[in-house]
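Read through the structure below, which is laid out as structure tokens, and then see the notes.
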Amino acid sequence: MTGLFDLTGKRALVTGGAQGLGRMIAEGLLRAGAQVAITSRKADVAARAADEMAAIGSCTAYPVNLETPQAAAELAARYAGDHDSLHILVNNAGKTWGGAIESFPDSAWPGVMAVNVQTPFTLVRELLPLLERSSDADDPARIVNIGSVAGMRPERLQAYSYAASKAAIHMLTRDLASDLAARHITVNAVVPGFFPTKMTAHLRDDDRVDPQTLAHIPAGRLGRPDDIAGVIVFLCSRAGAYVTGVQLPVDGGIVGAS
């Protein structure tokens, strides 16, 4: 078991890694020994988060708004210019939009689909040479796409473009896993349920969680940082080297036990 979950010497890029779920993931990778680069739309937020996480391990920031494929390609070029390897890519940056169907606008679709589906694909395509260079048959490079339970079952969130985009990233994960397996790159989707992030702020009042939300979760609680970090470290370490093409719910049983 020695070293089974050790990521020492690995380089990781976590989009949207300055806050929320991405921050939980970035900190987990750092604690496992990886060197981590994070992105955020706001330069000050990215820099502050990287400075704070530097107390755990090597963390650098890339301020970038990943709402266009051009921005994703530019990020990949900047990263490749700074680093000669990339062992782990976590496509976490996301966007949502909610509203009643009668007033749900057409403008709520392009940006959500771009950030949640097209940007991850563009990053994979542009970073593929670096990922291939950092992999071999015994220790593949890892791509982890962050999905959502809303992309696996109806959650009545009235976030139509978001749910559709997450279903799409789940399928894109399987397509990429099939195409990249021979190149020694695994591709998996982690499917979070409800975690204490900005996206679920409307379900919480300080530390008190809406009882209806808790009743919806078989485990009876929101996810914790270790819950998501542990799964990511598993998939990116030697322990997860033989796992590819899966959609792994981390949701307290919403998908599998309700």
Side-chain angles (χ1 to χ4, degrees), residues 12-23 25-26 37-43 45-46 49 61-80 86 88-101 103-131 142-152 154-155 157-180 185 187-192 195 197-201 232 247:
L13 172 61
V14 181
T15 65
Q19 296 176 306
L21 207 67
R23 174 76 176 253
I25 292 168
I38 59 171
T39 76
S40 176
R41 290 184 297 111
K42 298 180 179 179
V45 172
Y62 288 85
V64 59
N65 186 342
L66 292 171
E67 291 199 352
T68 67
Q70 292 82 4
E74 290 170 4
L75 169 63
R78 287 165 57 197
Y79 185 90
L86 178 61
I88 299 162
L89 171 62
V90 181
N91 285 309
N92 166 75
K95 185 174 183 178
T96 189
W97 192 304
I101 189 170
S103 58
F104 200 86
D106 288 338
S107 60
W109 286 88
V112 171
M113 295 299 290
V115 174
N116 295 356
V117 186
Q118 188 173 8
T119 288
F121 176 82
T122 300
L123 279 175
V124 170
R125 184 190 68 207
E126 296 299 309
L127 290 168
L128 194 55
L130 212 54
L131 288 162
R142 320 298 167 94
I143 298 168
V144 181
N145 296 320
I146 304 302
S148 170
V149 294
M152 295 190 77
E155 284 294 299
L157 301 175
Q158 293 190 306
Y160 302 103
S161 54
Y162 175 80
S165 73
K166 291 304 183 178
I169 197 67
H170 297 164
M171 190 62 224
L172 179 60
T173 296
R174 295 180 65 189
D175 273 339
L176 290 172
S178 178
D179 290 343
L180 299 180
I185 299 172
V187 190
N188 294 291
V190 168
V191 183
F195 281 75
T197 65
K198 283 187 177 181
M199 195 172 290
T200 61
I232 297 292
Q247 298 159 54

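The structure presented is a predicted model; accordingly, all values stated were derived computationally and were not measured.
Side-chain contact between Asn91 and Val124 is present, with heavy atoms from C-beta onward closer than 4.5 Å. Using a 4.5 Å heavy-atom cutoff, the side chains of Ile146 and Ile25 are in contact. Side chains of Glu74 and Val64 form no contact here, defined as non-hydrogen atoms less than 4.5 Å apart. Side-chain contact check for Leu127 versus Leu13: some heavy-atom pair is nearer than 4.5 Å. The shortest side-chain heavy-atom distance between Asp179 and Val187 does not fall under the 4.5 Å cut-off.
For Ser40 against Ala46, the heavy-atom pair with the smallest separation is CB-CB, 3.8 Å. The two residues Arg41 and Asn65 come nearest to each other via the heavy atoms CD-OD1, 3.8 Å. The heavy-atom pair separating Phe104 from Gly99 by the smallest distance is CD1-O, 3.6 Å. In terms of heavy atoms, Ala100 sits closest to Tyr160 at C-CE1, 4.5 Å. Taking both residues in full, the closest heavy atoms of Ala150 and Glu155 are given as CA-CG, 3.9 Å, listed atom of the first, atom of the second, then distance. The shortest heavy-atom contact between Leu21 and Pro192 is CD2-CG, 3.6 Å.
Note: Tyr62 and Tyr79 have tilted aromatic rings, judged against thresholds of 30 and 60 degrees for the angle between ring planes.
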Distance-only donor-acceptor pairs under 3.5 Å for side chains of residues 112-123, two or more places apart:
residue : atom : partner : partner atom : Å
Asn116  : OD1  : Lys95   : N            : 2.9
Asn116  : ND2  : Lys95   : O            : 2.9
Asn116  : ND2  : Ser165  : OG           : 3.0
Thr119  : OG1  : Leu66   : O            : 2.9
Thr119  : OG1  : Ala114  : O            : 3.1
Thr122  : OG1  : Gln118  : O            : 3.1

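The OG1 atom of Thr173 lies 9.0 Å from the CD1 atom of Ile143; values are rounded to the nearest 0.5 Å. Here CD of Gln247 is found 6.0 Å from CZ of Arg174. Values are rounded to the nearest 0.5 Å. Expressed to the nearest 0.5 Å, how far CD of Gln19 lies from CG of Asn92 amounts to 11.0 Å. To the nearest 0.5 Å, atom CG of residue Asn145 and atom CD1 of residue Ile169 are 4.0 Å apart. In this structure, CG on Leu130 lies 5.5 Å from CG on Leu86, to the nearest 0.5 angstrom. Taken to the nearest 0.5 Å, the CZ atom of Arg23 stands 7.0 Å off from the CD1 atom of Ile38.
Checking side-chain atoms of Thr39 against main-chain N and O of Gly16 turns up a donor-acceptor pair under 3.5 Å. One N or O on the side chain of Thr15 and one on the backbone of Ala93 form a donor-acceptor pair closer than 3.5 Å.
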Item to check | Step-by-step side-chain contact (heavy atoms from CB on, under 4.5 Å) determination, Val90 to Val190 | outcome: CA-CA 10 Å; Val90 181; Val190 168; over 6 Å; no
